[in-house]
Amino acid sequence: MTHLGVQSLFWTNFHYVAAALLFSILFYFTLIVFRRVQIETDCINVVLIPQKVRRNRVCFWCSMFLSLAMITIGAATVSEWYLGHLAPW
């Protein structure tokens, strides 16, 4: 069986594991790291500045889209394993 032009099962699985790891790291950074508050630069009188609130909202939605992409890719991969190739070509 060939997948992405590679016949080795090891490299095919390595590709999926590496992609999952990349998406997981991006998800962690957009949900946790980028949304952290630094008191010196992000707050004025203990209130978040509007730019930080906007950035936090953008980072939150980016992390949600990343999680949706991971779920979709995982579901497509699992269904491909059980149903065969999904692409008609």
Side-chain angles (χ1 to χ4, degrees):
M1 179 173 132
T2 3
H3 184 72
L4 298 173
V6 177
Q7 293 182 354
S8 170
L9 184 62
F10 170 77
W11 289 112
T12 302
N13 290 336
F14 179 78
H15 171 81
Y16 285 123
V17 170
L21 182 65
L22 173 71
F23 275 112
S24 299
I25 291 170
L26 288 173
F27 177 77
Y28 170 74
F29 269 81
T30 56
L31 188 62
I32 306 295
V33 176
F34 293 154
R35 296 179 70 208
R36 285 188 186 149
V37 175
Q38 296 178 354
I39 301 298
E40 300 84 24
T41 59
D42 296 333
C43 293
I44 298 174
N45 296 334
V46 195
V47 176
L48 284 177
I49 60 174
Q51 293 88 353
K52 180 62 177 176
V53 173
R54 199 172 318 125
R55 284 193 308 261
N56 282 352
R57 194 173 300 131
V58 168
C59 286
F60 173 78
W61 284 109
C62 284
S63 65
M64 292 301 110
F65 287 130
L66 278 169
S67 65
L68 179 66
M70 289 190 318
I71 291 168
T72 304
I73 291 169
T77 302
V78 169
S79 65
E80 181 180 350
W81 288 340
Y82 288 111
L83 301 175
H85 291 288
L86 297 176
W89 51 87

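Reckoned from all heavy atoms, side chains included, excluding hydrogens, waters and symmetry mates. Just so it is clear, the model here is predicted, and its values are computed rather than measured.
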> Which residue pairs pass the salt bridge (Lys or Arg N to Asp or Glu O under 4.0 Å) test with at least one member in residues 41-53, sequence neighbours excluded?
Replying inline: D42-K52, D42-R55
Report all side-chain donor-acceptor pairs from residues 18-36 shorter than 3.5 Å, counting only partners two or more places apart or in another chain.
residue : atom : partner : partner atom : Å
S24     : OG   : A20     : O            : 2.7
T30     : OG1  : L26     : O            : 3.0
T30     : OG1  : F27     : O            : 3.2

> I49: which other cluster members, linking ILVMFWY side chains closer than 4.5 Å, directly or transitively?
Replying inline: I44
> In the hydrophobic cluster built from side-chain contacts under 4.5 Å, what are the other members alongside V53?
Replying inline: V37, I39, L48
Output side-chain donor-acceptor pairs under 3.5 Å for residues 57-66, partner residues at least two apart or in another chain, one line each.
residue : atom : partner : partner atom : Å
S63     : OG   : C59     : O            : 3.4
S63     : OG   : F60     : O            : 2.6

